[in-house]
Amino acid sequence: MALHDWNLTPEAAIALQKRLAPSVRREDTLGEVGLIAGMDIGFEDGGETTRAALVLLEWPSLTLVEQVVHREPTRMPYVPGLLSFREIPAALGAFEQLSQRPDLIMVDGQGIAHPRRLGIASHLGLWLDLPTIGVGKSRLCGQFGEVPSAKGEWAPLTDRRREEDPSDVSVDARGRVTIGAVLRSREGVKPLFVSPGHRLSLPTAVDWVVRCLGRTKLPEPTRLADRLASRKGEVALSGQLSL
DNA sequence: GCGACAG
DNA sequence: ATCTTGTCGC
């Protein structure tokens with residue numbers, strides 16, 4: 001299927017997610033990490049234009065080495081659970097302009113913390129066959145208790161087991177599985193929802209997000225991508241170090 | 001049938 | 001996500 005054939009009905013999109021979800025890898029397959037990408041989407045013209053922003057940071061300096069913005073007409077509406085079909089086409093357009101392949105990608109949105117375990121981070125990871133982490137600012141599904149107040153600590157995000165979950169996942173006494181972490185990325189601020197996208201485990205996903213944290217709520221990769229996607233013009237070259 | 005609902 | 005002014009705090 002071509003990139004632009006994603007003119008699916010909600011039913012077809014859901015069927016596709018169920019078919020793809022089993023291919024998502026939740027084990028660590030990370031190699032040496034030297035480049036980390038951050039991806040986010042923004043909109044213009046009241047939503048008619050989709051703007052994909054991509055930043056590439058060098059690890060461990062977290063120095064910005066490349067940034068890309070790609071614009072194209074919006075072709076799908078926002079539907080909870082089907083976000084990837086609306087945003088991935090533009091994201092891929094941005095990746096085509098990137099001169100280097102990242103070793104890890106942090107995406108604004110959920111990974112497997114999704115009703116069918118295929119949030120935008122997982123879907124993008126599958127498509128690019130690269131390790132991805134979902135870094136959401138709010139919850140899509142799942143339940144969680146009180147989140148510790150110290151930076152770096154987190155509470156598990158759990159959900160009832162779904163057919164899309166692997167046969168070997170650990171299920172608790174109540175038939176629930178852990179799909180992500182509600183992370184305190186900064187004291188006194190609403191927590192982040194971190195979940196594995198593709199090719200890495202939850203502990204590893206949380207580790208990388210924490211390692212990329214500065215003084216702000218969002219880790220550097222998505223913080224810079226966020227800024228590039230929201231503000232107009234390309235504003236990331238300098239004045240990036242908030243560490 | 002009644003809520004919940006990434007960006 | 002985006003539309004928007006002022007305001008609180010480091």
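A note on names: the letters A, B, ... follow the listed sequences, proteins ahead of strands, and every chain is numbered from 1. Owing to the predicted nature of the structure, the values given are computational and were not obtained by experimental measurement.
Per the geometry, CD1 belonging to A:I88 stands 13 Å off C1' belonging to B:dG7, to the nearest Å. Atom CD1 of A:I120 and atom P of B:dC5 are 19 Å apart (whole Å). The CG-P distance, from A:L83 to C:dA1, rounds to 11 Å in whole Å. Rounded to whole Å, the distance from CG on A:D226 to P on B:dA6 is 16 Å. Rounding to whole angstrom units, CZ of residue A:R71 and P of C:dA1 are separated by 17 Å. We find that CE of A:M39 is positioned 12 Å from C1' of B:dA6, with the value rounded to whole Å. Across the protein-nucleic acid pair, A:D108 atom CG and C:dA1 atom P stand 7 Å apart, rounded to whole Å. In this structure, the CD atom of A:Q17 is 18 Å from the P atom of B:dC5, given to the nearest Å.
Under a hydrophobic-cluster definition in which Ile, Leu, Val, Met, Phe, Trp and Tyr are linked whenever side-chain heavy atoms come within less than 4.5 Å, directly or via other members, A:L57 and A:L200 are assigned to the same cluster. Clustering ILVMFWY residues whenever any of their side-chain heavy atoms sit less than 4.5 angstrom apart, transitively, puts A:L16 in a cluster other than the one holding A:L140. In terms of hydrophobic clustering, with Ile, Leu, Val, Met, Phe, Trp and Tyr side chains grouped at heavy-atom distances under 4.5 Å, A:F144 and A:V189 are assigned to different clusters.
Counting any heavy atom pair closer than 4.0 Å across all strands shown, A:L82 reaches a base atom. At a threshold of 4.0 angstrom between heavy atoms, the contacts of A:G81 include nucleobase atoms, whether or not backbone atoms are also involved. When heavy atoms are screened at a 4.0 angstrom cut-off, A:G119 is found touching base atoms of the nucleic acid.
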Secondary structure of DNA chain B per the Watson-Crick/G-U criterion (both distances under 3.5 Å; [ ] crossing, | other strand, . unpaired) is .......

Pairing annotation in dot-bracket form, given for DNA chain C with Watson-Crick or G-U pairs under 3.5 Å and | for cross-strand partners: ..........

Intermediate values then yes/no, side chain to side chain donor-acceptor pair (under 3.5 Å), A:T222 and A:D226: CA-CA 6 Å; A:T222 50; A:D226 214 283; over 6 Å; no

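Residue ring and nucleobase are not stacked for A:F193 and B:dA6 under a centre distance beneath 5.5 angstrom and an angle between planes beneath 30°.
Here the closest non-hydrogen pair linking A:G81 and A:H114 is O-NE2, 2.8 Å.
Distances were taken from every side-chain heavy atom of A:H114 (C-beta onward) to each of B:dG7, B:dA6, C:dT2; the shortest belongs to B:dA6. Comparing C:dA1, B:dC5, C:dT2 against the side chain of A:R51 picks out C:dT2 as the nearest.
Ionic pairing of A:R199 and A:D28 is not present here: no N-O contact between side-chain nitrogen and carboxylate oxygen is shorter than 4.0 angstrom. Using a 4.0 Å cut-off between a side-chain N of Lys or Arg and a carboxylate O of Asp or Glu, A:R184 and A:E153 do not qualify as a salt bridge.
Inspection of the A:S201 and A:E27 side chains reveals no N or O donor paired with an N or O acceptor under 3.5 Å. A:T158 and A:T178 share no side-chain donor-acceptor pair at under 3.5 Å.
No more than 12 heavy atoms of other residues, nucleotides or ligands shown are found within 6.0 angstrom of CZ on A:R25.
Between A:S138 and the phosphate of B:dC5, there is no side-chain N or O to OP1/OP2 separation shorter than 4.0 Å. Contact check, A:R139 against B:dA4: no side-chain N or O comes under 4.0 Å of OP1 or OP2. Phosphate contact (OP1/OP2 of B:dA6, side-chain N/O of A:R117, threshold under 4.0 Å): absent.
Between A:H123 and A:F85, the ring center distance clears the sub-6.0 Å criterion.
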Could you encode protein contacts along nucleotides 3-10 of chain C as a string, one character per nucleotide from 5' to 3', using B for base contact, S for sugar-phosphate-only contact and - for no contact, with a heavy-atom cut-off of under 4.0 Å? --------

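Each of A:K18, A:R116, A:R117 was checked for a salt bridge (Lys or Arg N to Asp or Glu O under 4.0 Å) with A:D165, and the lone residue meeting it is A:R117.
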